[in-house]
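Working notes, beginning with the structure itself.
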Amino acid sequence: ANMQLWKHYTFRRQQITEALRTRRDCPWASQLLRGITEIQEELQHVVLDHRANEVLLLHGTTAEKAQQIVKQGFDERLTQRQHYGRGIYFTTDSCKAAQYVGTGSAGCIIVA
């Protein structure tokens, strides 16, 4: 486990929760994205803070890149140009994430 990354994440989640506390005029992620509820139902052991607008998303990648992500986290600087430009792409659709796992049986779908 990457404790430094976890501490940064929990600190940032608390900041986001505070910033969203008085939010009234903007929809929540769960209202906008289909599939979020289904992922959460399948992974009930994952505790999310809905006050921070936290949701589970999927990211398809190769096994090699998954190892880098586990060690360093998602890093936009290491991405390659994709259909919509450089960036890190997430989805609620497992079939869409599976399109990016590479060829063979060495691909991974990361739940993030």
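FYI, side chains are in, hydrogens and waters are out, and symmetry mates aren't considered; it's all heavy atoms of this structure.
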Problem - Spacing of Leu57 atom CG and Asp93 atom CG [to the nearest 0.5 Å] - result: 11.5 Å
Practice task
Keeping to residues at least two apart or across chains, list the side-chain hydrogen bond (donor to acceptor under 3.5 Å, both in side chains) pairs with something in residues 63-73.
Solution key: none
Practice task
Using the test side-chain contact (heavy atoms from CB on, under 4.5 Å), find all partners of Ala66 that sit at least two apart in sequence or belong to another chain.
Solution key: Thr61, Cys108, Ile110
Handout entry: Hphob cluster co-occupancy, Leu43 + Val55, side-chain heavy atoms under 4.5 angstrom
Key = no
Practice task
Could you tell me how the ring of Phe90 sits relative to the ring of Phe74: parallel (under 30°), tilted (30 to 60°) or perpendicular (over 60°)?
Solution key: perpendicular
Completion exercise
To the nearest 0.5 Å, atom CD1 of Ile16 lies from atom CZ of Arg23 at 10.5 Å
Handout entry: Value rounded to 0.5 Å, distance of CD in Glu18 from CZ in Arg51
Key = 8.5 Å
Exercise for the section: Determine yes or no for a side-chain-to-main-chain donor-acceptor pair under 3.5 angstrom, with Asn53 supplying the side chain and Trp28 the backbone. Expected result: no
Practice task
Might you point out which heavy atoms bring Ala29 and Ile36 nearest each other, and give the distance in Å?
Solution key: O-CD1, 3.6 Å
Problem - Point-to-point distance, once rounded to the nearest 0.5 Å, from CG of Leu56 to CD of Glu38 - result: 12.0 Å
Exercise for the section: Please confirm whether the backbone N or O of Tyr89 pairs with a side-chain atom of His59, one donor and one acceptor, at under 3.5 Å? Expected result: yes
Practice task
Determine, stepwise, if the pair Asp49 / Arg13 fulfils side-chain contact (heavy atoms from CB on, under 4.5 Å).
Solution key: CA-CA 8 Å; Asp49 187 345; Arg13 179 176 57 187; 4.0 Å; yes
Fill in the blank from the handout: CD of Gln40 to OG1 of Thr92, rounded to nearest 0.5 Å, is 13.0 Å
Handout entry: Under the side-chain contact (heavy atoms from CB on, under 4.5 Å) test, residues paired with Gln15 that sit two or more places apart
Key = Phe11, Arg12
Practice task
Answer yes or no: is there a donor N or O on one side and an acceptor on the other, between the side chain of Gln99 and the main chain of Ser94, under 3.5 Å?
Solution key: no
Practice task
Specify the closest pair of heavy atoms between Ile109 and Ala98, including all atoms of both residues, with the distance to one decimal.
Solution key: CD1-N, 4.0 Å
